[in-house]
Amino acid sequence: MIDYSSIEKKWQAEWEKARIFEPEPSDKKPFMVTAAFPYVNTALHIGHLRTYGTADALARYKRMRGYNVLYPMGFHATGTPILAFAKRIQKGDSELIRELKIFHIPDDEIKKMVTPEYIAEYFVKTVEKDMRTSGLSVDWRRKLVSIEPIFGKFIEWQFKILNEKGYLTKGKHPVGWCPNENNAVGMHDTQHDVEPEIEEETAIKFKVDGEDASFICSTYRPETLDGVTNIFVNEGSTYVLCRMDGENFYVSKSAANILSYQRGVEVSRELPGKELLSKKAINPFNNEVVPVFPGYFVKESLGTGVVMSVPAHAPFDYAAIERLKASGYNTGEIRYKRIIDVQIGRSLSDVSVGEAKPVHVDLPSLAYLEVLHTDVNAIDDMLEFATKLQYREESHWGKMLVKGYEGMSEPEAREKIKKQMVDSGKAIMIYIVQNAPVKCRCGYDVVVKIVDNQWFLNYGDPKWKEMVRQNFEQMRILPPKARNGFAAAIDWIDLRAVARSQGLGTRLPVDKSVIIESLSDSTIYPAFYTIISLIRNVDVEKLRPEFFDYVYLGKGGVDEVAKTTGIEYETIKRCRDSFAYWYQETSRHSGPDLIFNHLTMYMFNHTAIFDKAYWPKQIVVNGMVMSEGEKMSKSLGNIIPLVDGAERIGIDPLRIVETTSADLLSDSEYSESSVNGVKERLEYLKSVIDNIAGYESGEFKHIDYWLYSKINRKIERATAAMDALELRDYATDVLYNSIIELKRYFDRGGSNGTVLREYLQNVALMLQPVAPHISEELHHSLGNEGFAALEKWPIPDSSMISEKVESEEELVTASLDDIKRAWELVTKKSPDKRPSRVSLVVASDWKRRAHGELAKSKDVGKTIASLRADGVSPEAAAKYVGKIAKEMNRLREVSTTEEDEFKALGEAKGYLEKALGAEVAVEMESKSKSARAERAAPLKPSIEIIF
RNA sequence: GCAGGGGUGGCAGAGCCUGGCCAAAUGCGACGGGCUUAGGACCCGUUUCCUUUAGUGGAUGCAAGAGUUCAAAUCUCUUCCCCUGCACCA
């Protein structure tokens, strides 16, 4: 058994002692690998190995390919999560404590986690330890934490530049807001961690006839305005007349309160809903005067509490009006007006619609109730269903009938009408919490507030976008299929709020009252790794913008900067050199969840700040890790802390399973069985190496050449796979196929120590990227000195790759297979017959020529003629060529000769006899008298089973 | 709704870009056999249907439908369904 734990500890200590992962600029080609730094609210679990292990695999591979490789690491602590974390600990939150216990965090440590600073300190320590346990080839001298003052200086400089370039702007922005605590709330601040989903609604002003006031109706479908027949209010609710933006409005009392966070609202007086029923309203779209009805379904707390009624296109509206009529309410004459044309029920299958045919196609909402086998008295859930169906079909396939918008699709008309109404002052946009009620941790309902002094980064800036697109074209995205996602993200990203009033982090230089939001302060930090270890001893206050200007932008001169900042000349110069060196070639790694935020912001900020030469070169996105078919999560309790995994399973097997068991972008699957499979294979490799001394060298046999061919082909393929970071393909070749090949080699009597040693030496080295410890151990077991981690990546010897040798080996396998099949069929049908001997006949060389010629000429006649000219009998030539002509387009040249095949099968005779338990004879067709000999084809000898 | 990624055999999951060697790798499961006192492990075989007393031939088949082609899991179009993201949150 391999003792992973002690092997890992041993090599980690050796690497550390030799400081082999602490690179400095040199004349070698640089390669810098960075992975998204972890947020410090948890220890690592085995799933984290996916991203960090993939990045490490690339780092180690590139190192072996002769690059000077830098793989630095830092820690993210800015933002609100550890603030909330500290509060929860203060309150003794049992759920959180239970989660921490999964990671074996001792009680006395948990007790101390009442300040975010301590939490950060604790997890920085823990995660670094976890990463060291993982055997990552990280240069720990460059460690940084995003809440360090030194980091703050760097961020301040970054935002100073962004501001100077005009990318920092100020404006209005809707946010989730707690009216009680008076601050913005995000997901981390709500009960059950619910994200308040903010949605925009159009609120249409319906002037009250004869009054200086309007109803204001919120709606998702302003395009249906032309179909409004009346206004609905809840007659049992309290309404107010209020003043907003210099106009008077009727809204529900609770709506007035909610709206007051978005606009200035002054309540003039309260009134019961009933009082509104006597009023008339003017539709701003078509100036029709419409009445006000009581709507049983109107909720005062939703939107404005006043609803415009479009009965032809809203089942609720239609049902409410019909029920009013039925109850004897005087509605006056209602003229239902169809404004969207669509094939009703088209998305439903015939089965669910059954016999129901929409009769009232001029009144779509009724027609929708009809296809659903119901009517105006349906329960609310049914009406809700009909509403959704109608809305979906109309917006998907509907064509507008409204004058001026004829034939338009609904979404297009919606945007046009919305814009027209808002621009002409007939409507305003309001925001609602779409998934209301969302409760703040303090217990109050979250509302939407429009913050008007919000700072944004204007990622929508066309010139900026253009720069990013330009760089993106040059960039390498791995895997290539993630490329479309990035292109979409670059197009989509727009204004992004960059400041918050709370949380840990750096204050915005242009407005010290706010803190830079935590994703925005971690976009160009990889550049900071290149210099941080050089300025650790510099007084933080000396890190003035002039310093960074020189280091990152080459502005000014070293003397000048040394004078203004007081930093030593040599330090400044080394920083500039270090940045300019390492940033030539970079690779950024993360999970796919960061494509639409961090990774895109990474591209934008780099292009905004740095010179072209230092723009991003490569981004790698990898999938996540699933555990036994389920997503790993603390609440499911299926998290395996990294320390446990290292101890119970071993880091190398874990790294192999997680980084190589799926496509780069697909989620990989951790399971006991997959880990065991990997371990068995590693054990097998080790056992062969442990016994290597027992194999003597000698003259090479066919199977030795075969193994040479295999190893060199393997190197070729593994190298190509690593270049594309296709770790799954790489591992299939290097690990899984190696086992199969070795077993076959021994099966076929292979026993040459020289060949085996070379094979294993290469396999051991090629395991280095994903299984660095085992690789190191095997490398040394083979008697090598020096670190595998620093060895040259194997180079294939293409002269040893032989199509012919491999074909011959396949010939043996395929023949054995065919013999078994035929054998079985014969003995099944005649159980009393006992075959005693098998005779194989390999095909004459003229048949090989036939293949080659036919493949080239595609001409049956010509091929036959050419064979006859060579002295082949006309009958045999015609018969054979006729047979192979059927698969003319699949024919290939054959690399073996009759002689080759004869020899190969001859050498394998012993093997075949053992496998079959019968005598085997091999003949050449040109010399055979067997009746079945003519059936022989290249690489497919004829078989005769003799009884 | 918008954007991105998908839909393959009992399951998981390759193949699709670059059409033919694909009844479709590999792993798991199931079944049969070997080994064993027995179980596990291991080894061999089977795992769409029909056909074949010699290594075979055929049908159906990769979400559904249509198209392009001598040839489609693979290319094009349409439809249906699933997953992820949609922001101030790391």
Side-chain angles (χ1 to χ4, degrees), chain A residues 36-41 76-82 173-176 184-189 193 195-198 220 346-347 349 391-392 395-396 410-411 414 451 454-457 459 480-489 491-500 503 516-520 522 592-598 600-601 623-624 626 629 661-663 665-667 669 671 673-674 676-677 680 728-729 732 736-737 740 814-831 833 835 838 887-892 915 932 935 940-945:
Chain A
F37 56 9
Y39 187 79
V40 289
N41 61 352
H76 199 197
T78 46
T80 51
I82 53 175
H173 188 63
V175 295
V185 288
M187 198 171 78
H188 294 284
D189 312 307
D193 284 348
E195 174 82 44
E197 289 170 38
I198 296 169
Y220 290 116
R346 105 173 233 195
S347 65
S349 71
Y391 186 14
R392 199 179 76 214
S395 70
H396 207 145
E410 200 190 6
R414 179 180 311 145
V451 184
Q454 178 58 277
W455 288 94
F456 296 95
L457 268 180
Y459 292 120
K481 75 170 165 190
R483 207 175 175 88
N484 289 341
F486 279 102
D491 283 346
W492 159 88
I493 196 168
D494 198 5
L495 286 178
R496 162 134 195 145
V498 291
R500 295 202 59 165
I516 294 165
E517 175 271 326
S518 65
L519 279 184
S520 301
S522 53
D593 47 333
L594 297 188
I595 293 178
F596 273 76
N597 45 57
H598 167 72
T600 299
M601 290 158 70
M624 314 305 278
M626 307 281 280
S661 69
D663 274 348
L665 196 51
S666 306
D667 291 345
E669 174 75 17
S671 68
S673 66
S674 51
N676 289 337
E680 274 166 30
R728 193 174 54 85
D729 293 349
T732 303
Y736 299 90
N737 288 347
I740 293 171
S815 300
L816 179 60
D817 226 48
D818 279 351
I819 297 166
K820 277 188 183 165
R821 205 186 299 257
W823 183 296
E824 194 179 312
L825 210 54
V826 174
T827 52
K828 199 165 83 189
K829 298 293 177 181
S830 330
K833 285 189 180 175
V838 175
E887 32 198 52
M888 186 167 343
N889 291 327
R890 296 182 202 168
L891 290 181
R892 281 182 305 172
R932 296 182 63 86
R935 293 175 68 104
K940 203 166 170 54
S942 84
I943 297 163
E944 185 168 14
I945 297 169

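Here is the naming used below: chain letters follow the sequence lines, and residue numbers restart at 1 for every chain. The basis for the numbers below is simple: all heavy atoms, side chains too, and nothing from hydrogens, waters or symmetry mates.
Side-chain contact check for A/L457 versus A/M601: every heavy-atom pair is 4.5 Å or farther apart.
Comparing B/U56, B/G85, B/A54 against the side chain of A/I943 picks out B/A54 as the nearest. Counting only heavy atoms from C-beta on, A/E517 has its side chain closest to B/A90 among B/G55, B/A90, B/C86. Listed nucleotides B/A90, B/G4, B/A14 differ in distance to A/N597; the shortest reach to its side chain belongs to B/A90. Nearest to the side-chain atoms of A/A488 among the listed nucleotides B/A87, B/G4, B/A54 stands B/G4. For A/S666, taking side-chain heavy atoms from C-beta onward, the closest of the listed nucleotides B/A54, B/A14, B/G5 is B/A14. Candidate nucleotides B/A87, B/G55, B/A54 were compared by shortest atom distance to the side chain of A/K940, and B/G55 ranks first. The side chain of A/A497 approaches B/C88 more closely than any other nucleotide in the set B/A87, B/C88, B/A90. Of the candidate nucleotides B/A14, B/C88, B/A54, B/A14 has the atom nearest to the side chain of A/R728. Relative to the side chain of A/S942, the nucleotides B/G55, B/G5, B/C42 differ in distance, and B/G55 lies closest.
No engagement by A/Q454 is indicated, since no non-hydrogen atom pair under 4.0 Å with the nucleic acid exists. Among the atoms of the strands shown, none is found under 4.0 Å from any heavy atom of A/I819. At a threshold of 4.0 angstrom between heavy atoms, the contacts of A/P174 with the nucleic acid are absent. Nucleic acid contact for A/D491: none, since no nucleic acid atom lies under 4.0 Å from a heavy atom of the residue. A/H598 comes within 4.0 angstrom of no nucleic acid atom, judged by non-hydrogen atoms across all strands.
With P as the reference atom, B/G33 and B/A14 are 35 Å apart, rounded to whole Å. Comparing the same atom, C1', in B/G19 and in B/C62 gives a spacing of 15 Å after rounding to whole Å. If you take atom P in B/U18 and the same atom in B/A3, they sit 24 Å apart, rounded to whole Å. Comparing the same atom, P, in B/A24 and in B/G10 gives a spacing of 15 Å after rounding to whole Å. Remark: the separation of the P atoms in B/C83 and B/C70 is 41 Å, to the nearest Å. Here the separation of B/G15 from B/A72, taken at their C1' atoms, is 13 Å to the nearest Å. Spacing of C1' atoms, B/C50 relative to B/U56, comes out at 13 Å, to the nearest Å. When the C1' atom is used for both B/G5 and B/U48, the distance is 30 Å, rounded to whole Å.
Comparing A/D593 and A/D494 by the nucleotide of RNA chain B whose heavy atom lies nearest to each, the residue mapping closer to the 5' end is A/D494. Positionally, the nearest nucleotide of RNA chain B for A/E680 lies more toward the 5' end than for the other of A/V175 and A/E680.
Base pairing of B/G65 is made with B/C77, judged by Watson-Crick or G-U wobble geometry with both donor-acceptor distances under 3.5 Å. Pair assignment for B/C11: B/G27, on the basis of Watson-Crick or G-U wobble contacts that are both within less than 3.5 Å.
Of all non-hydrogen atoms in A/R496 and A/S520, the two that sit nearest each other are NE-OG, 4.3 Å. A pairwise comparison of heavy atoms in A/P592 and A/G623 identifies CD-CA, 4.3 Å as the closest pair. Residues A/Y39 and A/T80 share a closest heavy-atom pair of OH-C, 4.5 Å.
Checked against side chain to side chain contact (heavy atoms under 4.5 Å, CB included), A/I198 has the following partners two or more places apart in sequence or in another chain: A/P174, A/Y431, A/V448.
Below 30°, between 30° and 60°, or above 60°: for A/H76 and A/F37 the angle between ring planes is below 30°, a parallel geometry.
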